[in-house]
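Nothing fancy with the numbering, it's 1 onward along the sequence. We use all heavy atoms of the structure for the numbers below, so side chains are in, but hydrogens, waters and symmetry mates are not. Just so you know, these numbers come straight off a predicted model, no measurement behind them.
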Amino acid sequence: MRISRFETSVNYVLLGVFALFAVVPLVGVLISAFTPVDESRSGFQLPSRFALENFGEAWRRGHFGDYMVNSVLVTVGVVALTILLSVLAGYAFATMRFPGRTVLFYVMLLGLMLPVESFVIPLYYDLRGVGLTDTYWALLLPQTAQSLAFGVFWMRNYFLSFPDSVLEAGRMDGAGDRALLWRVLVPSAGPAVMTMGLLIGMWTWNEFLLPLIMISGEGLRTAPLGLAFFQGQHATEQSLLAAAATIVALPIVVVYLFLQRRFIAGMLGGAVKG
């Protein structure tokens, strides 16, 4: 089907408008982050000079070094656990036949529809009852479970898109399920796994409610949680707040820019088929 020049122009105009809605607030935050504290104001007026010291001051006052380490540890742990469990479960749901497979899969998909607000309070009491609150496990386990429904759905769809003839040939050569999974399917699933990992990493890095409920001490605060406390203490210093927000957002932006080609390949490839 051929698209006319008018339709192409309209598409570009709409995309440009939506891009402006997304970019303009970010530009405002960056301008504010580089504005000297004594010139701090709302709006888009360029500062008299670029105050790079705002970032060092925000980093020092907000103790973001410790918070960023916590966020990195939690994010890496959640992504690694979710990828491992999603690959195993996705392969089982895509290639194995067992009683209740379809029902169990759709029950698992209910996890995509449940907001964290609906279960966070009972979850807190459960974890407190076994002594896991105020530990890394209180951040790792719930966020892994929260991401697992999407991960299983994603990997199942990818494995379903894989040609059956290749799997049958492998079985005829004597390969078992373990060999088929780790030697045939997983090596070709790089873009799909990378895309899933990046999405889950972004969700985990930005998670705020679970750390707020599960962590009461300062030592295990994640970067978004630390930013919220920093905002409460420096509500009138807009330049420092913008610098702190930039610091918290920068790692995941850098990771996305570095992996954007694999991310797009995974989005457009077989991972979305099924």
Side-chain angles (χ1 to χ4, degrees), residues 1 11 15 18 22 74-116 118-119 140-173 175-207 210 252-253 255-274:
M1 182 185 242
N11 288 337
L15 290 174
F18 287 125
V74 171
T75 300
V76 171
V78 169
V79 170
L81 280 173
T82 304
I83 288 178
L84 176 62
L85 296 176
S86 297
V87 167
L88 295 174
Y91 176 80
F93 281 119
T95 64
M96 297 180 179
R97 301 292 181 266
F98 52 87
R101 182 185 66 146
T102 303
V103 174
L104 184 59
F105 175 71
Y106 285 110
V107 169
M108 180 171 289
L109 287 187
L110 291 176
L112 293 173
M113 307 173 194
L114 290 176
V116 65
S118 65
F119 58 80
L140 284 169
L141 297 179
Q143 293 187 80
T144 299
Q146 193 177 2
S147 303
L148 198 56
F150 168 78
V152 173
F153 171 78
W154 185 267
M155 294 311 303
R156 172 185 175 271
N157 281 357
Y158 175 81
F159 291 145
L160 284 175
S161 71
F162 206 82
D164 292 335
S165 57
V166 176
L167 299 179
E168 292 173 0
R171 288 193 175 97
M172 291 180 64
D173 289 338
D177 287 320
R178 182 181 301 177
L180 287 175
L181 175 60
W182 297 111
R183 296 182 184 178
V184 178
L185 292 178
V186 171
S188 68
V193 172
M194 188 71 67
T195 301
M196 179 182 68
L198 184 55
L199 289 171
I200 293 172
M202 288 191 292
W203 298 338
T204 305
W205 183 273
N206 294 325
E207 180 62 45
L210 278 172
I252 204 67
V253 172
V255 171
Y256 173 77
L257 292 176
F258 182 72
L259 299 176
Q260 62 175 323
R261 291 192 176 182
R262 288 182 175 270
F263 177 79
I264 294 172
M267 291 294 292
L268 298 180
V272 295
K273 298 177 184 178

Rounded distance (nearest 0.5 Å) linking atom CG of L257 with atom CD1 of I252: 10.5 Å

Pairwise distance CG(L148) to CG(L81) - rounded to 0.5 angstrom: 9.5 Å

Sub-4.5 Å side-chain heavy-atom contact between L210 and Q146: yes

Atom pair CG/CD of L140 and Q143 - distance to nearest 0.5 Å: 8.0 Å

Nearest-0.5 Å distance, CG of residue L104 to CZ of residue F93: 4.0 Å

L199 and M202, any side-chain heavy atoms less than 4.5 Å apart: yes

Minimum heavy-atom distance between A89 and V152, given as atom pair plus value: CB-CG2, 3.7 Å

Parallel, tilted or perpendicular, as decided by the 30° and 60° cut-offs, for the rings of Y91 and F159: perpendicular

Check: Y158 main-chain N/O paired with S161 side-chain donor or acceptor under 3.5 Å: yes

4.5 Å side-chain heavy-atom contact, V184 and F162: yes

4.5 Å side-chain heavy-atom contact, V253 and Y256: no

Main-chain N/O of L185 paired to S188 side chain as donor or acceptor, under 3.5 Å: yes

F98 CZ: over 12 foreign heavy atoms closer than 6.0 Å: yes

Check: L160 and R156 side chains under 4.5 Å, non-hydrogen atoms: yes

Minimum heavy-atom distance between A94 and R97, given as atom pair plus value: O-NH1, 3.8 Å

Inter-residue atom distance T82.OG1 - I200.CD1, 0.5 Å rounding: 4.5 Å

L88 side chain reached by M155 side chain, heavy atoms, under 4.5 Å: no

Exceeds 12 heavy-atom contacts within 6.0 angstrom, atom CZ of F258: no

Close side-chain approach of W205 and V255, heavy atoms under 4.5 Å: no

Flag side-chain contact, heavy atom, 4.5 Å: V78 against W203: no

R101, CZ: over 12 other non-hydrogen atoms inside 6.0 angstrom: yes

